Amino acid sequence: MTLPFPRIDGEMWAGECKVADLVAEFGSPLYVYDARVIEAAYRRMEVAFAGVDLLLAYSVKANSNLEILKRLVALGAGADIVSRGELHRCLTAGFSPEDMVFAGVGKTEAEMEAALAAGILAFNVESAEELELLSQVAERVGKPAPVALRVNPDIVADTPHEYTRTGGGATKFGIPVDRVMDLYRWAADRPTLEIRGIDVHIGSQILEAEPYERALDHVLGLAAQIRAEGIDLDFVDLGGGYGVSYDGGDGMSVEDLADIVVPRVAEAGLRLILEPGRFIVGEAGILVTKVLYVKHSGAKTFVVMDGGMTELIRPSHYQGFHRIEPVISREEATHEVVDVVGPICETGDFLARDRMLQMPASGDLLAVHTTGAYGFVMASNYNSRPKPAEVVVDGAEVTLARRRESLDDLLRGELG
Ligand code: LLP
């Protein structure tokens, strides 16, 4: 696969634009997304799973910028949402509510009411307690709530960090298998609830098809039992988690996954929902940041950037590895092992540790790859730092998708 953000004569491009020109116009640090890379990932999944009735419910938490959401609407995507805020964004972006599923272990009554009123496809319910509250809310609103139960299959998938494994029995997610049948029966008896499907999500940044195979067999087995009791199901939702390339190697083969999933789901006569987030937007984004200083301290060399954990928390929070490259190569430069760090007052504020890098100089730009997912959305204002701008490039067309925050933005909402 050709990597996005190619290099021509030592200089990095986004679509038909030079990355350095984008920074000259919009400042640093800057998130840059290539819309064509997003579209290619979306189409790749669509093609791979063409043999089933498919809803690609983009997992909005990965990157919820309105410009990106609107482009996904145009591609025909549905949405996987986890909050009232995401519901609001998706309605604003133009997603059809009937293509939205609502996940999360801690849905509030207000969130249930809003999603019910909007007419979403299904609540992916994570506990008996939530199911009961949803039934009460539906009664009050006077409209049955569409539901799927999220099963915890007790499958621990291999992901790069324990925080992104969700299918194990010891996590807070999903309903334990031994409770699932009873809860379907309970729901089937309630006119306030309308059973739509069954759901599972085992984790994030998974590269192998095998854990999905186990999870799917598990939920299809349950689906057969549920239907044998005369309870109708429309869909199976296999969640998200399809891994991308962080090191320049291959991400998940969704084609291999489809070879396993498509025949089984087609045979079961169910509609398939997938909730990819990172797979759609991850490789389509870079975070560009400027070198402030190259500092030698003891045995170490620190490349101090104008962006750090406030712009991208993944290295610090999950020990996540992101490729880092100069935006413009200095062919004459030596390579050295350095720590790439941000300006924030925390030792944990780094983008890379002990990384071999072409030695940059103050003022150079570095691009941090594979930051289209869980990048900007996890950014914070810690140290009172305004959040960076986001731009979307589509060939030669550049759209400022979010302006850089101002100092006034930092004080908004404060009453002192
Ligand atoms: N569906 C459910 C129910 C989820 O909980 C998630 C992610 C997804 C779908 C989408 O997963 P994806 O396809 O994007 O892997 N901040 C972490 C990732 C957290 C994922 C949370 N749930 C990171 O930066 O690695």
Side-chain angles (χ1 to χ4, degrees), residues 38 41-42 44-45 55-64 68 72 77-83 86 100-107 121-127 130 148-153 155 157-168 171-175 197-209 211-212 215 219 235-246 251-252 254 257 272-285 287 309 311-322 351 368-380:
I38 295 176
Y42 184 87
R44 189 175 154 201
M45 248 181 149
L55 173 65
L56 278 180
Y58 168 66
S59 195
V60 173
K61 64 175 86 66
N63 186 326
S64 55
I68 286 182
L72 285 162
D80 154 45
I81 60 171
V82 290
S83 69
E86 287 190 352
M100 288 186 206
V101 289
F102 195 147
V105 292
K107 301 177 193 81
L121 174 64
F123 291 88
N124 285 341
V125 173
E126 304 228 13
S127 67
E130 180 192 333
L149 300 191
R150 174 168 172 184
V151 179
N152 184 326
I155 290 170
D158 185 24
T159 75
H161 196 274
E162 60 155 319
Y163 291 176
T164 49
R165 287 168 218 149
T166 53
T171 69
K172 67 179 176 182
F173 298 104
I175 296 168
I198 187 161
D199 171 46
V200 68
H201 170 78
I202 52 175
S204 197
Q205 183 56 18
I206 297 170
L207 291 169
E208 303 296 327
Y212 287 102
V219 287
F235 68 76
V236 55
D237 181 339
L238 198 53
Y242 317 106
V244 298
S245 168
Y246 280 100
M252 165 174 262
V254 288
L257 180 69
L272 177 67
I273 299 180
L274 300 176
E275 303 172 355
R278 190 183 328 245
F279 189 84
I280 304 294
V281 291
E283 293 176 17
L287 168 65
M309 69 187 288
E311 286 69 34
L312 180 70
I313 202 171
R314 300 195 73 264
S316 159
H317 191 53
Y318 309 106
Q319 282 79 55
F321 177 95
H322 290 259
L351 296 172
V368 187
H369 282 278
T370 325
T371 48
Y374 308 109
F376 184 91
V377 283
M378 295 182 81
S380 81

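Keep in mind that what you see is a predicted model, and the values were worked out from it rather than measured. Note: hydrogens, waters and symmetry copies are ignored here, and every other heavy atom, side chains too, is used. Counting starts at 1 for both ligands and their atoms, in listed order.
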To the closest 0.5 Å, what do you measure between CG (L56) and OH (Y42)? 4.5 Å

Under a 4.0 angstrom heavy-atom cut-off, which atoms of ligand 1 come close to G277? 12 (P), 13 (O), 14 (O)

Of Y246, Y374, Y242, F279, which has the heavy atom at the shortest distance from atom 19 (C) of ligand 1? Y374

Show me which atoms of ligand 1 lie under 4.0 Å from any heavy atom of P276. 13 (O)

Flag side-chain contact, heavy atom, 4.5 Å: H201 against F173: no

In terms of side-chain geometry, is the basic nitrogen of K61 or E86 positioned less than 4.0 Å from the acidic oxygen of its partner? no

At under 4.0 Å between heavy atoms, what of V82 touches ligand 1? The answer is neither

Under 4.0 Å to a heavy atom of R150 - the qualifying atoms of ligand 1, by number: 3 (C)

Among all protein heavy atoms, pick the one closest to atom 1 (N) of ligand 1 and tell me residue, atom and distance. E275 OE1, 2.6 Å

Note: ligand 1 atoms sitting under 4.0 Å from heavy atoms of G241 are 11 (O), 12 (P), 13 (O), 15 (O)

Aromatic rings H322 and Y246: how do their planes relate, parallel, tilted or perpendicular, breaks at 30° and 60°? perpendicular

Heavy-atom donor-acceptor pair, S59 side chain to A62 backbone, under 3.5 Å: no

CD1 of I38 to OH of Y58: how many Å apart, nearest 0.5 Å? 7.0 Å

Among all protein non-hydrogen atoms, which one is nearest to atom 16 (N) of ligand 1, and what is the separation to 0.1 Å? Y318 OH, 2.7 Å

Side chain to side chain donor-acceptor pair (under 3.5 Å) partners for N124, two or more places apart: D199, D237, E275

Kindly confirm or rule out an N or O of S59 lying under 3.5 angstrom from an N or O of ligand 1. no

Output the distance between atom CZ (R150) and atom CD1 (I198), rounded to the nearest 0.5 Å. 12.5 Å

Taking only heavy atoms of M378, which atoms of ligand 1 are found under 4.0 Å from at least one of them? 16 (N)

To the nearest 0.5 Å, how far apart are CE in M45 and CD1 in I280? 6.0 Å

With side chain to side chain contact (heavy atoms under 4.5 Å, CB included) as the test, would you mind laying out the steps for Y374 and H317 before giving the verdict? CA-CA 11 Å; Y374 308 109; H317 191 53; over 6 Å; no

Which residue and non-hydrogen atom of the protein lie closest to atom 24 (O) of ligand 1, and at what distance in Å? R314 NE, 2.6 Å

What atoms in ligand 1 come closer than 4.0 Å to a heavy atom of R278? 12 (P), 13 (O), 14 (O), 15 (O), 18 (C), 23 (C), 25 (O)

Any idea which atoms of ligand 1 are less than 4.0 Å away from a heavy-atom of S204? 11 (O), 12 (P), 15 (O), 18 (C), 20 (C)

Go through ligand 1 atom by atom and flag the ones less than 4.0 Å from a non-hydrogen atom of G240. 1 (N), 9 (C), 13 (O)

Among all protein non-hydrogen atoms, which one is nearest to atom 21 (C) of ligand 1, and what is the separation to 0.1 Å? K61 CD, 3.9 Å

